[in-house]
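Hydrogens, waters and symmetry mates are skipped; everything else that's a heavy atom, side chains included, is used. All chains are named by letter (A, B, ...) in the order of the sequence lines, taking the proteins before the strands, and each is independently numbered beginning at 1. Computed from a prediction, not measured in an experiment: that's the story for all the values here.
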Amino acid sequence: MGFGPKWLGWMWSCIFSAKFSILVNGVPAGFFPSSKGLRQGDPLSPYLFVMGMEFEPVENITDLKPECCACTPASSSLSEFGKLDGISGCKVLVSSEEKLLFDDFINIICSFDPDILIGWDIQGGSLGFLAERASHLGIGLLNKISRTPSETKTASRNFEIPEKRVADEMLPENLVDDSVLLEEAIIEDEWGRTHASGVHVGGRIVLNVWRLMRGEIKLNMYTAESVAEAVLRQKIPSIRNRVLTKWFSSGPGRARYRSIEYVIQRAKLNFEIMNQLDMINRTSELARVFGIDFFSVLSRGSQYHVESMFLRLAHTQNFLAISPGPQQVATQPAMECLPLVMEPESGFYADPVVVLDFQSLYPSMIIAYNLCYSTCLGKVAPSKADVLGVSIYSPDPHALHDLKDQILLTPNGVMYVPSKARKGVLPRLLEEILSTRIMVKKAMKKLVPSQQVLQRIFNARQLALKLIANVTYGYTAAGYSGRMPCAELADSIVQCGRRTLENAISLVNTHDKWKAKVIYGDTDSMFVLLKGRTVKESFQIGHEIASAVTAMNPNPVTLKMEKVYHPCFLLTKKRYVGYSYESPDQIEPTFDAKGIETVRRDTCGAVAKTMEQSLRLFFEHQDISKVKVYLQRQWRRILSGRVSLQDFVFAKEVRLGTYSSRASSLPPAAIVAIKAMRADPRAEPCYAERVPYVVIHGEPGARLVDLVVDPLDLLAIDSPYRLNDQYYINKQIIPALQRVFGLVGADLYQWFSEMPRPVREVYAKHKSHAPNPYRTRIDFYYLSKHCILCGELSPASAHICDKCSKDGTAVAAAVIGRTAKLERDIQHLAAICRHCGGGDWIVESGVKCTSLACSVFYERRKVQKDLQGLSSVATEAGFYPKCMVEWF
DNA sequence: AGCCTCCCCTAA
DNA sequence: TAAGTTAGGGGAGGCT
C-alpha cells in the first residue's frame, strides 16, 4: 500500500502515539484510586513505538544513558541505546510488525493503568486514529486498554460509518467509498463528537485537549502552536506531516532525529498546557463543589451541575423534584417577560459616562423575593386554570387566605410565599453559594504566598461558586431541554430584575442634585451621562448613585460602580467602546470595547487593529483629521502590499453536518475545509474547529465563496493568488469604521476615494490571457508598471525602465544591493526562528515551519517572495545570474 | 431595493 | 442518549 495522505497521519501516530500521552502528573494523589505502579511526581517519560525500522547510531549525539523500563513488553525488544538515532529522554520499543506494535502499546497502557488519557485531537490525530487503524488489523484497541474489557465484542463487527457528515455530492469519490469497518463503537456518535471526543475507554477518562482549550481561552485559532503561545508564552514550530514523513523516511541521521524529536515535543506540550492551566485541579474542585464526578464536570451541561446541587439541598428540606416528561416540558406556557435593553442614543460622548451594574442580579432577585419552585403560589389571575410551569397546581384557598397580607406579588403577576412562612430551596441554595464564596475569598486573602497550591484551589472554588450562581436562572428557564423548567418562575426572576433596573434608572433621571441622564442600560447595567463633570467628580457621583440604589432595594441587591468612560462611543444595543477608568486615581485609561469588531472573532486582524488604533487616536485627540491621515496611510499600505498577511486571515468555526441542505452554498470557512478534505480526507476539521481562510482576487462578479482559499495556498511561493485588497478595504474595514466614525460626521468612502492611488494596478483583466502559470507568479508579484529601480513609469512589458536599462552596471549594482538586503532580512528572520521552540534544526533544514500563529512565518514568506520576484525580473532582464537564487 | 433566511459571534 | 436562557448586530446570498 502506498503512502497516501491518510498514511501520513498514521505514520506519526504509530511512531510516538502521536500527540497522545499518558497523564501521570497532575492527578492529586489518592483522588483517583488505583494508579498502580505510579507515584505522583514520577517523571514523564514518553514511549517511542517504532515499527520495522533499522536504527543506526548518529554521530555527535553522546552522553545517552539507558533508562530501565518499568514493564516488559511481550512482543518486542527494548532497543539498546546508541542505536536509536540518538533519541534521548524516552524509551524506544521496536516492533517487527504493526500488530505487535499495538500489543506493546496496549501492554504499556495496561501496566501503567492511568486514570486519564489526554491527546490534542483525540478523534483525528490521537487515540481515535489509533483505534481506527487497530480495527483495520482486527484489534479492538479501546476495549483492550479498557479497565472493563468485554469478552463478547463480536456483536458489533462489520458495522459501517453510520453517518456522512457532508453531503455526498460535495466530496470526491474517494471520500465516501471508505470501507473502514469499525470494530468498536468508537468515533461516530454525534453527541460525543460535538461535545467531547467521541472516544471512550472504559474506566478511564479521555480528555480532548483541543476542545478543552476551546472552552478555556479565547483565541482566533486553536492550533497547538497558537495555544502554546497563549498559554505557555512559547513559540513552537509547525511542521506538516508531509515534511515529517520525508525527514523520517530519509533513513538514520539528523533528519530522522529531528522528526522524532518534534513529535515528542508535541506530546509533551499537552502536559505543559494542562499543567499551566491547572486543568486537573480546577476540574476536581468543580466536581467537589457540584458534588459530581470528574468527567461530568467537563462533559455534562450546566443544567446537570445546578441540579446536582439543587437536589441535594432540596432533599434536606424534605422536597422531591417533579420529573416531567418531554411532552409536559414542551407544552408549558411560553415565557412572556424580557429583560430591559435600552436603545442607546448612538453617538460620541466627550463627557464622562458612569457605568454601574447590579452584582449577580438574578441570584439577588431569587434571594430577595424568595423566588422558588417551593414558594410559588401561581398566577393571581391564571390565564389557563391550574397550570403552573410544567405541572398542574392551584394553591390551597385557606393557605392563601391566611397569608393574604404577606404574599409577595412579582411584577408578572405571580404570588410567592414570604420567607417567614417558608424559605425557598433556590434562595437558600444561592445564599449559601454567595456566602461560601465570600468566605473562600476571605480565606484566600489570609493565605501566605508560600501556599500557592491552596491559593489556586481556593480560587478555583470561588470561581466555581460564581459560575453556578449565574446559571441557576438558566435552569428555571431551560425550555428546550429542561428537566424542571418553570416559565412563571423564570418570568418572575426576569421581571423583578427588570423592575429593579427601571426603578434605578428613574431614580437617577429624576434626581435633582446629580443632573444625570441614563443613556443606556442592558439587563443589569446603567450608563449614566454626567455632562460637564470631571472623571473624579463622576466617581463621586457614581458612588452616591450606587449607595442610593442599593439602599432602596432589599438585601442582597447591590448596585456597583463599575467604571467611568471618558470619552466613549455608544453604537447600538450591546455595542460600545470607551476609554475606561476603574478608579479615580487611574492615570492612563484602558481601552474597553464591548461587542464591536475589536473583540469579535469573525473579523480579521486588519479590521480589529485599524479600528482600535483609529478609536485610540480619536479618543486621545478628538480630532477626526488625525484618524483620516492614519486610515489613508493604512489603506495605501494595504493596496501596495506592504502588510502582513496574518492580519488578513479570517478564522471561523466550521460545523460540517449541520448546514442546511437547502442552502445553495456553505459558509466560506466550510468551503475551504471541504477543499482541504478533497486533497486529504484526514484534514477534516474537528466539530466547531476554527478554519482559517483569506479572500483573493477573482473574476468580477464572483461570489465571496468563490474567492476564499487556505492562507497557506496564498503563501506558497508559486501561488497564483493575490490578496483581495479591495474586498478587505471596501467590505471589511470601511463599513466597520464607518459605523463608528459616521457618528461624528465622517465619510470614509469619501476619504478612500479621494486618496491618491498607490503605484500598483489591479491585474485581474490580464489574468485570463496569461498562459504560463510560472510567468503569472512573477507578474503577480511585480504588477507595477513602474520601474523597479527608479520608480518611474515604464512600458507595461518592462520592469526596468529605458533610462535605467541604459546603464547596465548601475542596474546590476542596484539589483545586487537590493538582493543582498533581502538576503540579510532572511538571515535575520532565520535567526529569530532559531530561538523558537524548534531550535536550530528547523532553520538548518530550510524554511519548513508553517505556523499560521507566527508572524515571523508570514514575514519570511514575504521576503522570500520579494527576493524571488526581484531575481526573476533581474534574470529576465539579463542582469542577474540565475544560480544566485538556487538555494531556495 | 427591500425582505427573508442562514450563519457567526457576542452581551448579559 | 444530552443539550442553561434571550437579545442583538451584521455579513452573505437568494427571492420578489
Side-chain angles (χ1 to χ4, degrees), chain A residues 185 189-196 200 218 220 296 299-307 310 326 329 334-344 346 355 357-362 467-487 489-491 493-494 497-498 501 520-526 562 571-576 593-604 607 650-655 658-671 688 690-691 695 701-708 727 730-732 735-736 738-739:
Chain A
D189 85 88
E190 180 62 15
W191 187 82
R193 186 174 72 86
T194 55
H195 288 82
H200 308 284
K218 184 178 168 182
N220 224 2
S296 294
S299 63
R300 305 289 298 264
S302 50
Q303 187 167 196
Y304 186 82
H305 303 158
V306 172
E307 198 162 72
F310 177 69
V329 172
M335 305 224 327
E336 291 162 357
C337 302
L338 300 174
L340 175 65
V341 186
M342 290 173 68
E343 187 65 58
S346 303
V355 181
D357 58 16
F358 287 99
Q359 295 201 286
S360 323
L361 180 67
Y362 287 174
L467 188 81
I468 203 73
N470 286 336
V471 293
T472 305
Y473 158 73
Y475 183 81
T476 67
Y480 179 54
S481 64
R483 296 167 69 90
M484 195 175 66
C486 180
L489 176 58
D491 270 351
I493 298 168
V494 171
R498 184 183 176 114
L501 181 61
Y520 178 59
D522 181 351
T523 311
D524 63 353
S525 67
M526 262 198 314
E562 199 65 37
L571 305 177
T572 59
K573 288 174 173 175
K574 299 184 191 292
R575 295 185 154 224
Y576 52 87
K594 289 286 153 73
I596 64 168
E597 282 74 3
T598 57
V599 293
R600 294 182 67 87
R601 290 177 294 180
D602 50 0
T603 55
C604 58
V607 177
F650 293 95
K652 295 188 192 177
E653 287 189 349
V654 169
R655 296 175 173 81
T658 66
Y659 297 115
S660 72
S661 50
R662 206 179 54 70
S664 51
S665 69
L666 294 162
I671 300 271
R690 300 184 73 88
V691 176
V695 181
R703 296 171 313 166
L704 180 68
V705 289
D706 305 322
L707 302 178
V708 292
Y727 171 82
N730 284 315
K731 298 283 180 171
Q732 292 290 325
Q738 181 63 40
R739 281 194 287 276

- Query: Base, sugar-phosphate alone, or nothing: which one does A:Tyr576 contact when heavy atoms must sit under 4.0 Å apart?
  - Reply: sugar-phosphate

- Item | Sequence-aligned protein contact record of nucleotides 10-16 of chain C, with B where the base is within under 4.0 Å of a protein heavy atom and S where only the sugar-phosphate is | SSSSS--

- Considering all heavy atoms of both residues, which atom of A:Asp522 and which atom of A:Lys574 are nearest to each other, and what is their separation? OD2-NZ, 2.7 Å

- Task: Could you check if a side-chain atom of A:Thr523 sits within less than 4.5 angstrom of a side-chain atom of A:Phe358, using non-hydrogen atoms only?
- Result: no

- Message: Quick check: closest heavy atoms across A:Leu707 and A:Ala702, and the distance to 0.1 Å?
- Response: CD2-CB, 3.8 Å

- Nearest-Å distance for atom pair CG/C1', residues A:Leu340 and C:dA7: 12 Å

- Message: List the residues meeting side chain to side chain contact (heavy atoms under 4.5 Å, CB included) with A:Ser296, not counting sequence neighbours, and say none if there are none.
- Response: A:Ile292, A:Asp293, A:Arg300, A:Tyr304

- Heavy atoms, side chains only, cut-off 4.5 Å: are A:Phe650 and A:Val695 in contact? yes

- Item | A:Lys573 atom NZ, over 12 foreign heavy atoms within 6.0 Å | yes

- Between the first and last five pairs of the helix from B:dA1-C:dT16 to B:dA12-C:dT5, the angle of the axes, rounded to 10 degrees: 20°

With 3.5 Å as the limit, what N/O pairs link the protein to nucleotides 4-6 of chain C?
| from | atom 1 | to | atom 2 | distance (Å) |
| --- | --- | --- | --- | --- |
| C:dG4 | OP1 | A:Ser302 | N | 3.1 |

- Query: Do A:Val306 and A:Ile468 come close enough that some side-chain heavy atom pair is under 4.5 Å?
  - Reply: yes

- Item | A:Asp524 CG to C:dA7 P, straight-line distance once rounded to whole Å | 16 Å

- Any side-chain heavy-atom pair of A:Gln732 and A:Glu597 under 4.5 Å: no

- Message: Looking at every heavy atom in both A:Lys652 and A:Asp602, which two are closest together, and how far apart are they?
- Response: CE-O, 3.6 Å

- Task: Inspect the surroundings of CZ in A:Arg655 and state if more than 12 heavy atoms from other residues, nucleotides or ligands are less than 6.0 Å away.
- Result: yes

- Beyond-backbone contact of A:Thr472 with A:Phe310, side-chain heavy atoms, under 4.5 angstrom: no

- Message: By the 4.0 Å heavy-atom rule, please label A:Arg483 as base, sugar-phosphate, or nothing.
- Response: nothing

- Item | Start and end of the DNA chain B segment that chain A contacts, any atom under 4.0 Å from a heavy atom | B:dT5 to B:dA12

- Any idea which heavy atoms bring A:Asn220 and A:Ala651 closest together, and the distance? O-CB, 3.4 Å

- Query: With a 4.0 Å cut-off on heavy atoms, is A:Val494 in touch with a base, just the backbone sugar-phosphate, or nothing at all?
  - Reply: nothing

- For A:Glu562, all residues meeting salt bridge (Lys or Arg N to Asp or Glu O under 4.0 Å), sequence neighbours excluded: none

- Query: Whole-Å distance between C:dA2 P and A:His200 NE2?
  - Reply: 13 Å

